[in-house]
Amino acid sequence: MSRKIGDVILDLQNISLRFGGVKALTDISFDIREHEVRAIIGPNGAGKSSMLNVINGVYHPQEGKIFYRGAERKKMEPHMAASTGIARTFQNIALFKGMSVLDNIMTGRTLKMKSNMLLQAMWFGPAQKEELAHRRKVEEIIDFLEIQHIRKTPVGRLPYGLQKRVDLGRALAMEPQILLLDEPMAGMNVEEKQDMCRFILDVNDQFGTTIVLIEHDMGEGMDISDRVVVLDYGKKIGDGLPDEVRSSPEVIKAYLGAGH
Amino acid sequence: MGFFIETLIGGLMAGMLYSLVALGFVLIFKSSGVFNFAQGAMVLFAALAMARFSEWANAALGGNSLFLANLIAFVGAGATMWLVAWAVERFVLRKLVNQEGATLLMVTLGITYILEGVGQTIFGSEIYNIDVGMPKEPVMMFESLFEGGILINKEDFIAALIAALLVGLLTLFFQKTPVGRALRAVADDHQAALSIGIPLNRIWVIVWLVAGVVALVAGIIWGSKLGVQFSLATVALRALPVVILGGLTSVPGAIVGGLIIGVGEKLSEVYLGPMVGGGIEIWFAYVLALVVLLFRPQGLFGEKIINRV
Ligand SMILES: Nc1ncnc2c1ncn2[C@@H]1O[C@H](COP(=O)(O)OP(=O)(O)O)[C@@H](O)[C@H]1O
Ligand SMILES: [Mg+2]
């Protein structure tokens, strides 16, 4: 692999998040390095999605600090996170059901559109030219994800595995610095999982995108990761190389207890 | 036969305006989940602005060019509706994100009273005229096809044409432009739209502005026909049963629903009216919407509501 892992890009310090009485995350610290594939694993309800939503600005932790490229991040909303180069996919697919694959991925270009909204609304001169340039970029992504054959299909009609791929495509269209993937392989068959692993690795390798990958078991996701954080009941119980984590007694215990 | 078709065409022409107003309504509902009861008040407010701006501009121009005065008034009233959209987003929607539908509905009731109150304070509470040079005399058409021909009201015809044009433009805007795509994205899934950086706030200003422009055009058309007065708000509220009939979330539903109600009103007025003693067009739309709801709770074109269990 040509990529080399860089400095810390995102540093999470002592994050705690509560929903009423439920402690979703308790005092969690870890960092993410540029260009790495960082997995977050843990049984159902461990707080993985909550963690991702904190990074994405959907949830605001009651305690803790987040440093992005060395600077402390202020309270943040998802569309602001997007403009700082953070993209995501969803555990429960959240595509725009009424739109085609192409249009769904085109929406990922929103922030890259420079001409002002009024011109865009009138589909006028420069805005039109710009749209075509974005269209080319989106076609590249469609080729990359091998979904040319369904580009005009309304996403609602696609099988689950392909919807997940479109979800990834929409995030890629943002050309993000950090890509957050919430269980991208859940519910897929073996072949689909292999494809998804390959796409994730290719994204990481070709574009150097930093990837945060959530998985609920110690499976494929862990094999393609550089480092792994393990959560259980909202607490961090492991952090290290995949092999270290796999052989940690505490991690094994958590997974046995959860019936895995 | 000629008379039936005459009534039918009259209904379609009136219905086109309902479609237009309903479209503004549906756009707001889809993108922000707000059942905008204030749509009628917006029509009144826009018409008031248009009537008075035109009057003032005409006076300022020394009564020399009504056309220019109307043009200035149109731009001014458009800007006023933009201000309304901005204020609604800034002071209402932004504070109330993620509230229950019922709360938001109550809020639009509040907006209704504010618009009516502020409108009358600024613009006055008498009956005003809008004169955009709509032809008043009817024309006879298809004389060779039907005995006696078909009498068509030119004013209604032009109004319907303008409404249809605007509906067409809005549909294109919604389907073909990047902003329209962002609007559809927000309508489909708020969370996902936010995650790709679509600023909800700006989108809301845009939809309320679109609804405002729709209200302005409808206000000018109805205002020039009926005079600008308080009852305009209730005329516009006839678009409510239209959206219920068509399905709250459906753009084609709004268009077809408007036409159905327009035609239904006119036909029932002519053919049933004498039997029930007139005034039927006032309640017909609501009864029709109710009947549809009994059989299709989601409206003719709405998405089926499936409750998760
Ligand atoms: N929006 C929310 N409101 C209330 N509780 C929540 C919310 N999101 C997550 N939780 C709770 O936080 C805990 C962690 O959930 P989550 O982060 O979804 O776990 P995971 O993704 O690891 O399965 C669970 O107990 C869950 O019920
Ligand atoms: Mg989860």
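By convention in this document, chain letters (A, B, ...) are assigned in the order of the sequence lines, proteins followed by strands, and residues within each chain are numbered from 1.
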For this session: Flag the one option from Arg170(A), His134(A), Met99(A) with the top tally of heavy-atom pairs under 4.5 Å to chain B.
Result: Met99(A)
For this session: Among the options Ala171(A), Ala173(A), Ala87(A), Ala82(A), pick out the one with the most heavy-atom pairs lying under 4.5 Å from chain B.
Result: Ala82(A)
[atom1]/[X]: more than 12 non-hydrogen atoms of other groups inside 6.0 Å:
X: Lys193(A); atom1: NZ; answer: yes
X: Phe67(B); atom1: CZ; answer: no
X: Phe74(B); atom1: CZ; answer: no
X: Phe53(B); atom1: CZ; answer: yes
X: Arg94(B); atom1: CZ; answer: yes

Exercise. Which bit of Thr107(A) is near chain B, if near means a heavy-atom gap under 4.5 Å: side chain, backbone, both or neither?
Worked result: both
Seminar exercise, completed: Cut-off 4.5 Å, heavy atoms of chain B, and the answer for Asn56(A) is side chain
Exercise. Donor-acceptor pair, Asp188(B) side chain versus Gly98(A) backbone, under 3.5 Å?
Worked result: yes
Seminar exercise, completed: When rounded to the nearest 0.5 Å, the distance separating CG of Asp189(B) from CG of Asn104(A) is 10.0 Å
For this session: Output, in order, the C-alpha distance, side-chain angles, deciding distance and verdict of side-chain contact (heavy atoms from CB on, under 4.5 Å) for Asp103(A) and Arg181(B).
Result: CA-CA 8 Å; Asp103(A) 270 357; Arg181(B) 190 167 54 220; 3.9 Å; yes
Exercise. Can you check whether Glu77(A) reaches Leu194(B) side chain to side chain, under 4.5 Å on heavy atoms?
Worked result: no
Any idea which heavy atoms bring [X] and [Y] closest together, and the distance?
X: Ala192(B); Y: Phe90(A); answer: CA-CZ, 3.7 Å
X: Thr110(A); Y: Ile196(B); answer: CB-O, 4.4 Å
X: Met113(A); Y: Pro178(B); answer: SD-CB, 3.9 Å

